[in-house]
Amino acid sequence: MFENKERTDINELGEFGLIKHLTTNFKIKNDYSVKGVGDDAAVLDSKGKQTLISTDLLLEGIHFDLAYVPLMHLGYKAVQVNLSDIYAMNGKASQITVSLGLSSKFPLEAVEEIYKGVELACNKYNIDLIGGDTSSSKQGLVISITSIGYADADKVVYRSGAQEHDLLCVSGDLGGAYLGLQILEREKLIYLENPQIQPDLEGKDYIIERQLKPEARMDIIALLDEMNIKPTSMIDVSDGLASEILHLAEQSDKGMTIYEEKIPLDPMTYETARELGLDPTVCALSGGEDYELLFTISQDDYKKLKHDVDITVIGHVTDKNSGCKMVSKSEKVHELKAQGWNAFNK
């Protein structure tokens, strides 16, 4: 990966020297951040708001494959995965901590690439890097990020607030990240069989980007606030649409019905699924890693967002006994099952 480039052994800097080197360009942007990197602990001032905290762990060989994931993209995506959880609570993300476990194969230049991605995400989303840790690892690259955000107590949205007859909405489109992963995996296998063959990603830019460089939907939270809409429940779509619907239904003690024809699919997602012999709807239901927001709203709020092209009403909330179902394009009713990402599947 970095064999033919300038290579600086991390041991030359030591742990504290490495952290200072990597974080020197990160400046404090939020007035909630009193003290960032450089002391025994960060100091935050919540200014009377509720504090939101979420942590994600990304492991090489489980959550990402460095055969086709650029390190800068990995740093950027690792931040997005965490910010998405804060936005799913209807909060404003403001700080992150970044911890890395590094094997000896990673020189300083490789770690700098990861931090370039982290810095890009911090600058784009107005986030402060306020701490973290580094350690040696015998299991490849490990990335752990904790995100912190804030919200007024009456603005926080949980998974448990959906009410019968509410409308079920989703931002953006679904299934693209999963199809992007399938294309990357296909090209990796071709390359391993014949390293002379260059990857063929032409015409797949959108779905490849959905996989390698997802964007947390801060804009949707701002839009809902602007429309004066507070969702009754919300979750981000990380494990597939079906899994997230089941989470909302279980936590809210309700049933939910969606309509296949309403599930938003980008044309490239649809065409690539067909090209690979996959069902586009199944890719949306079970694929995961789209990091869109799935939320319920009162029917009274529908008129406020019905003309927004980036939010789609895909179904409604029912009583618990009705369960979670999808009405297909042929009007057959199917029970929704969670078949998406499971962290403990082998």
Side-chain angles (χ1 to χ4, degrees), residues 64-65 68-69 73 77 80-81 84 167-190 199-217 219-220 223 235-248 256-295 305-316 324-342:
F64 58 89
D65 187 334
Y68 51 72
V69 177
H73 285 69
K77 180 175 180 176
Q80 299 306 313
V81 168
S84 185
L167 300 177
L168 184 62
C169 308
V170 71
S171 65
D173 56 82
L174 303 171
Y178 176 75
L179 268 306
L181 178 62
Q182 301 316 299
I183 293 294
L184 289 167
E185 286 285 350
R186 180 188 73 181
E187 295 304 310
K188 173 190 171 184
L189 291 174
I190 292 171
D200 179 16
L201 304 176
E202 190 174 342
K204 305 297 183 187
D205 302 20
Y206 178 68
I207 58 174
I208 296 296
E209 188 161 304
R210 292 286 283 176
Q211 171 58 219
L212 295 181
K213 192 174 176 284
E215 300 287 346
R217 297 310 305 261
D219 58 322
I220 296 295
L223 179 67
I235 192 171
D236 71 327
V237 183
S238 56
D239 300 334
L241 178 62
S243 177
E244 314 307 356
I245 289 172
L246 291 170
H247 283 310
L248 288 185
M256 294 190 180
T257 297
I258 64 168
Y259 297 86
E260 182 183 13
E261 65 180 3
K262 299 292 186 184
I263 297 173
L265 297 169
D266 183 83
M268 187 185 294
T269 299
Y270 186 89
E271 290 162 13
T272 305
R274 290 301 188 198
E275 176 190 318
L276 298 178
L278 300 170
D279 184 328
T281 300
V282 172
C283 293
L285 289 173
S286 302
E289 290 202 291
D290 291 306
Y291 299 106
E292 297 294 347
L293 293 174
L294 178 73
F295 56 95
L305 59 65
K306 66 180 180 181
H307 297 303
D308 192 280
V309 295
D310 209 22
I311 296 175
T312 307
V313 177
I314 60 171
H316 59 274
C324 292
K325 297 180 169 61
M326 181 183 75
V327 179
S328 72
K329 293 174 183 176
S330 59
E331 299 189 354
K332 291 182 179 176
V333 178
H334 301 271
E335 183 184 351
L336 280 180
K337 295 181 180 177
Q339 297 175 323
W341 168 259
N342 182 330

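- Put simply, the side chain of Glu260 gets close to the backbone of Lys329: a donor and an acceptor are under 3.5 Å apart.
- Annotation for Gly176 and Thr269: closest pair CA-OG1, 3.4 Å, computed over non-hydrogen atoms.
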Fill in: Verdict with supporting geometry, Leu336 and Ile245, side chain to side chain contact (heavy atoms under 4.5 Å, CB included)
CA-CA 9 Å; Leu336 280 180; Ile245 289 172; 3.9 Å; yes
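- One finds the CD atom of Glu261 at 10.5 Å from the OG atom of Ser330 (value rounded to the nearest 0.5 Å).
- Under 4.0 Å is where a charged nitrogen must lie from a carboxylate oxygen, and between Lys204 and Glu271 no such pair does.
- Take Asp308 and apply the side-chain contact (heavy atoms from CB on, under 4.5 Å) test, not counting sequence neighbours, and it matches Leu223, Met227, Asp310, Ile311.
- Listed by chain and residue number, Ala216, Asp236, Tyr291 satisfy the side-chain contact (heavy atoms from CB on, under 4.5 Å) test with Ser84 (two or more places apart in sequence, or in another chain).
- Here the side chain of Glu244 pairs no donor or acceptor atom with the backbone of Ile235 at under 3.5 angstrom.
- Note that CG of Leu181 is 10.0 Å distant from CD1 of Ile207, once rounded to the nearest 0.5 Å.
- Judged as a salt bridge (Lys or Arg N to Asp or Glu O under 4.0 Å), and not counting sequence neighbours, the contacts of Asp219 are Arg217.
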Discussion item. The test is side chain to side chain donor-acceptor pair (under 3.5 Å); show your working for Asp173 and Tyr206 and say whether it passes.
Written reply: CA-CA 11 Å; Asp173 56 82; Tyr206 178 68; 2.7 Å; yes
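- A salt bridge links Arg186 with Glu275: the closest approach of a Lys/Arg side-chain nitrogen to an acidic carboxylate oxygen falls below 4.0 angstrom.
- How far CG of Leu212 is from CD of Glu289: 9.5 Å, rounded to the nearest 0.5 Å.
- Residue Tyr68 forms a side chain to side chain donor-acceptor pair (under 3.5 Å) with just one option from Glu187, Glu185, Gln211, Lys188, and that option is Glu185.
- For the atom pair OH of Tyr259 and OG of Ser328, the computed distance is 11.5 Å after rounding to the nearest 0.5 Å.
- Between the CG atom of Leu174 and the CD1 atom of Ile314 there is a distance of 7.0 Å, given to the nearest 0.5 Å.
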